[in-house]
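Read the structure below first, then the notes.
Bear in mind the structure is a predicted one, so any value in this text is a computation, not a measurement.
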Amino acid sequence: MSAKSKLSTLILILSLVFLYAGCLAFAKQDPELKQCTHQCRVQQQYDEKQKEECVRTCEEYHREKKDRESLKEVGQDPDVEFHPGGELSECQSRCVGLAGEVRQLCLFRCQQKWRRDYASRWEEEGKKQSKEDEEDEGEEEKHNPYVFEDKHFSTAIKTGKGRVDLLTKFTHNSDILRGIENYRLALLVASPKSFVVPNHFDANAIFVVTQGRGTLTLIHEDKRESFNIETGDIIHVRAGTPLYLINRDDNEKLFIVKLLQPINQPDHYEVFYGAGGAKPESFYETFSTEILEAALKTSRDKLERFFDKQGKGPFLEASKEQIEAMSSHEEGSKGRGLWPFGSESKSKSAFNLFRKREPSHCNRYGQLFEVEEDEFKRLKDFDLRVSYANITKGCMSAPFYNSRAIKIAIVVKGEGYFEMVSPPVSPKSSQEDSGGRKSGSRYQKISSRLRSDTVFVVPAGHPFVTVASRNNNLEILCFEVNIENNVRYLLAGEGNYVQRFEKEAKELAFKSKEEEVDRIFGNQDEEFFFPGPRQQRGRDYE
């Protein structure tokens, strides 16, 4: 194609583009683009190659126009020029000798080529940065001894009707949590209309029902204690107590979180099945045949047939009639009545989290339910407080720390994240200096995403905060060990500890006038639950 022909082509294209610049707004196919490409195809002086080049130029200009309008919509200047490495300037310098519309189109093509190249480099840089961030996050989680996720659970028992998942030892990643090394956490899930065969374990235990309805039976020395359980019930089970359980709901699974304190071996407990046979294996069968014959006064043949019948595992399906019969045999109960007008509790062995007169803390940003030792005496055996936080979506708890208590928390529902202030930690966290602190920074931010069944531990004295996602409430069940004489120190909001400082202490500590300290720590007038970070951005700060 001659230079003259090329020049006429470019001039025609520019004329077509600017001729239809004021046409209708973009539709499924933009009318301006449609008209421009149509004019390219009807030019009789063009061969097919020239027509295709004309169409491509129309499309490129159309895309550039949309990009410029998009930039204007988000408040950016589409005419800002960038000159990385002189590449754009070099290209534009070749357009200087041209004139009029041809020069304008040449500059347009330079700008467009540079933006494509720049976008490609930016994308590659973004991918590189994302990869580095993921590696950093993975490294942080790998070295995070305070957080336990799905991979840290092992399935101890599983059948078609239920399962028990056991969390690894709290000292699995590091001995930094050796203060709770003699505790284990387990999750029991029972399908509708299922029966958990009688068993006992060599550990004291606290059960908390987080979903569903069931009937639990405990066999004591001189009586049987049965009571119906539901969401929010806390049950104390002493080591060695035989028990069995049914899920009395037709549709909903029964979820129970168990905190166990082993008796015989630190951080390890065993489950013993008296009932059963081939599966689960009954401990009766471990005795010699002669002992069993004498103890049960039954012949060998009958014993073999008897213990060989059961082979479906520790979770069995129960009939409707069996479930109704066991559910109606509630014994040892004072009767629940209609809360809050009913009796105080169903049993000395159980207490309901949500049947208190009111939550410990409550506003539109969240609720906190707590059960203390003086309300449920059995918690004293554990030196334990049980609590349940329901943080409204997009909101957060107040930052605080416990003076003595170690918090073991598990996410029941929802998503979010938590942040905690900790001394620097590493995989070799036990190899600290004599002052308990490594060289370098005094503190390290520990953070992690939270989702269902995530377990996190907050040691005593460690400030922390939990935040709910913008999509769902965040519900967290907490066991606070070493609760006797514990003090909860709020770091923000109504009642925060800075507000109790003397004037001189405030001014010395923050190198500010007392009025400024009071203004900073008095701005947040909510207590314990606040709007979250994203909600706060739309508010005016003082």
Legend entry - Under 3.5 Å donor-acceptor, Gln499 side chain and Gly495 backbone: yes
Legend entry - Pair Glu281, Tyr273: side-chain N/O donor-acceptor within cut-off below 3.5 Å: no
Inset, instruction - Quick one: closest heavy-atom pair of Arg385 and Val371, and the distance? - result: CG-O, 3.3 Å
Inset, instruction - Could you pull out all residues at least two apart from Ser191 that satisfy side-chain hydrogen bond (donor to acceptor under 3.5 Å, both in side chains)? - result: none
Inset, instruction - For Asn482, enumerate each residue passing the side-chain hydrogen bond (donor to acceptor under 3.5 Å, both in side chains) test, keeping only those at least two apart in sequence or located in another chain. - result: none
Test side-chain contact (heavy atoms from CB on, under 4.5 Å) applied to [X] - qualifying residues, sequence neighbours left out:
X: Ser288; answer: Glu290, Ile291
X: Ala409; answer: Lys407, Phe456, Ile476, Cys478
X: Lys380; answer: Glu373
X: Thr217; answer: Ile219, Arg224, Ser226, Tyr244

Legend entry - Ring centres under 6.0 angstrom apart (Phe530, Tyr365): no
Inset, instruction - Report yes if the distance between the aromatic ring centroids of Phe287 and Phe283 is under 6.0 Å, otherwise no. - result: no
Holding to salt bridge (charged side-chain N to carboxylate O under 4.0 Å, His left out), I want the full list of residues that pass it with [X], two or more places apart in sequence or in another chain.
X: Asp381; value: Arg238
X: Lys503; value: none
X: Arg213; value: Asp249
X: Asp165; value: Arg163

Inset, instruction - Mind jotting down which residue pairs meet the ring pair (Phe, Tyr, Trp, His ring centres under 6.0 Å) criterion with at least one end in residues 460-479? Sequence neighbours excluded, please. - result: Phe400-Phe464
Inset, instruction - Keeping to residues at least two apart or across chains, list the ring pair (Phe, Tyr, Trp, His ring centres under 6.0 Å) pairs with something in residues 150-189. - result: Phe148-His152, Phe148-Phe170
